[in-house]
Every structure is written in structure tokens, then in C-alpha cells.
Amino acid sequence: MSFSIATWNINSVRLRMPLVEQLLAEHAPDVLCLQETKVPDNLFPIKAFQKAGYEHVTFSGQKGYHGVATVSRHPLEVVERRRFCDSDDCRHLSVHVEIGGRRILIHNFYVPAGGDEPDPEINPKFRQKLDFVAEMHDVPAVEGDNLSSILVGDLNIAPLENDVWSHRQLLKVVSHTPIETTSFEAMRRAGNWVDLMRQIVPPEEKLYTWWSYRSKDWEASDRGRRLDHIWSSPNLAPHLQGIDILRHARSWERPSDHVPVIAKFDLG
DNA sequence: ATGGTTGCCAAGCAA
């Protein structure tokens, strides 16, 4: 029994629905988690997903900004739309999926980007980002005999030295500052989460999922960062078969600045 | 050191 899950910051699901359809047709993940859908719930393109074979569609969105959605080929049950930092921003959605006799709790996160200035005293957005990560301590990787957890999303932090194109040059850039990367890794370990991408690709190798729109030739300069993540509970990690980072999606027409990441498991 | 681009939605904010 195989199971696959994809995560993608889509930067407007309505604008990029054709790209989403292409991803679903070519890779057919069991579950897809989207971030930055930028659509209120009453305008979410439910029918387009159902046409693509994803009958089970759930979302937490708002006008203009943020928003997450989780779609599935298998029945899902919404567990929670959690509020963080006492804010109404739509940044979290968790669901249960039953697959291969196993119950999987899937968290879909969109962590705040944090603005430009990495000083919580003068930048409230950076303060909120740090608070958000601190609150994620309350989201542990629960597991049991037939229970596992997965956490995916745009977490907007590149924790390891080789998660950015230049560790030295990004130490004062939001997403890779020591205060972020330290609390991020502490939070992950406290929750007992396994960083699945780094189970496959050793920490010595560069690994990116995002390339800024603000470069003339993203591929030639290759100044990327690993901002998108797939974590699991320890009992699921031995079942991981592979990770696909769809780097070529950054060259699709009118692309998102993030590319899809897919994890495949053998639940046998 | 600075400015570079995109999407929302129709000015400037967020990323």
C-alpha cells in the first residue's frame, strides 16, 4: 500500500489552477496541501479539484492573503482550523485520512514570512513569526499503533546551512537568522518530528524549494532557499520511499515562486 | 548598499 502527499505554496490557487491540474495529472498524490490560496472559502474552486479526481476538498481561506487548502483522493475529516498568535489569519488546517488501515493526522501550515527587518523589537511581523513558531510547540507528532502524523507546508524558515544558497550571506536575512533557525529546530525536536527531506538528501547537499521572483534568471543564479517542509512522526519515517522536489515547476508558465514537494511512503 | 518581481485588486501592502 503506497501513499503520497504533496505540499505547494501556490500563490493564488485561482490564478494557477491550470498548474495545479498539471501537477495532479502527472503525479497523482493521494493528498495535496496548498498554501497562499488567496481565496475566501465561498470562492474556492471545489469543482475543478473534483473533476481532477480529488473529491474531498477542504480549505481555510480569506480574501487577498494567506489561506490553506487540503485536497484528497480519499475521504478526509477536518480536525481543526487553528488560530495562532491570536490572529484570524488562515494559516493552519489539520485533517485525518484513513489509509492502509492507518489513521494519519495531516497538518497543513503557512507560517508568517516575517517581513524584512529581523528585529522583533522594531518589526511586529518578525515578532509574530517568532511567536508563531513558539506556539507550534503545542503541535506534537502524535503516533500510536495505527496512528501517525504528517506536518507539511510553507514554514518560511530554512533551518540548515545548506538550505540556503549562502549561509554566510543570509545570516541576517529573515528566514535564515539564528534566532529563527534555532527556535525552529528546537520546536521540531520538541514535537518529535522527523525532517523527511533530510532523511533522503544529506545535510551536506544544497536543497531548495523556493527561488525569488526578483531575479533575472532564477535557474542560472540558483539563489534558492528550503522554505517548504515535510515532517512525520517517527513511526512513519521508516516507510518513506522517496522525496520529489519538482524544481522544473519553477520554469512553468506564470509559476509560483515555490515548487511542489512530494513524499512517497510504502505503508506495507 | 540597493533594487529587483509578483498577486491582490485597483493603492499600497505582503511576500
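Atoms considered below: every heavy atom in the structure, side chains included; atoms not considered: hydrogens, waters and symmetry mates. To find a chain, count down the sequence lines: A is the first, B the second, and so on, and within it residues start at 1.
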Only pairs at least two apart or in different chains count here, so list each ring pair (Phe, Tyr, Trp, His ring centres under 6.0 Å) that has a residue in [range].
| range | result |
| --- | --- |
| residues 159-188 of chain A | A/His167-A/His176, A/Phe184-A/His229, A/Phe184-A/Trp231 |
| residues 121-163 of chain A | A/Phe84-A/Phe132 |
| residues 35-57 of chain A | A/Phe44-A/Phe49, A/Phe44-A/Phe59 |

- line: The dot-bracket string of DNA chain B, counting Watson-Crick and G-U wobble pairs with both distances under 3.5 Å, using [ ] for crossing pairs and | for pairs to another strand, is ....((((...))))
Where along [range] does a heavy atom fall under 4.0 Å from DNA chain B?
| range | result |
| --- | --- |
| residues 215-227 of chain A | none |
| residues 32-42 of chain A | A/Glu36, A/Lys38 |
| residues 161-170 of chain A | none |

field: All side-chain hydrogen bond (donor to acceptor under 3.5 Å, both in side chains) counterparts of A/Asp88, not counting sequence neighbours
entry: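 A/Asp88 satisfies side-chain hydrogen bond (donor to acceptor under 3.5 Å, both in side chains) with A/Arg83 only.
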message: The criterion is side-chain hydrogen bond (donor to acceptor under 3.5 Å, both in side chains); which residues satisfy it with A/Glu77, sequence neighbours excluded?
response: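 Here no residue qualifies.
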query: Taking atom C1' in both B/dA15 and B/dG4, what distance in whole Å separates the two?
result: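 The answer is 14 Å between these two C1' atoms.
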field: chain A footprint on DNA chain B, 5' to 3' - any atom under 4.0 Å from a heavy atom
entry: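 So the outermost contacting nucleotides come out as B/dG4 to B/dA15.
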query: Got a sec, which residues hit side chain to side chain contact (heavy atoms under 4.5 Å, CB included) with A/Asp145, two or more places apart in sequence or on another chain?
result: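 A/Asp145 satisfies side chain to side chain contact (heavy atoms under 4.5 Å, CB included) with no residue once adjacent residues are dropped.
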Partner set under side chain to side chain contact (heavy atoms under 4.5 Å, CB included) for A/Ser2, not counting sequence neighbours: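 Partners of A/Ser2 under the side chain to side chain contact (heavy atoms under 4.5 Å, CB included) test: none.
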- prompt: Is the A/His66 ring parallel, tilted or perpendicular to the A/Tyr110 ring (thresholds 30°, 60°)?
  reply: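 Correct class here is tilted.
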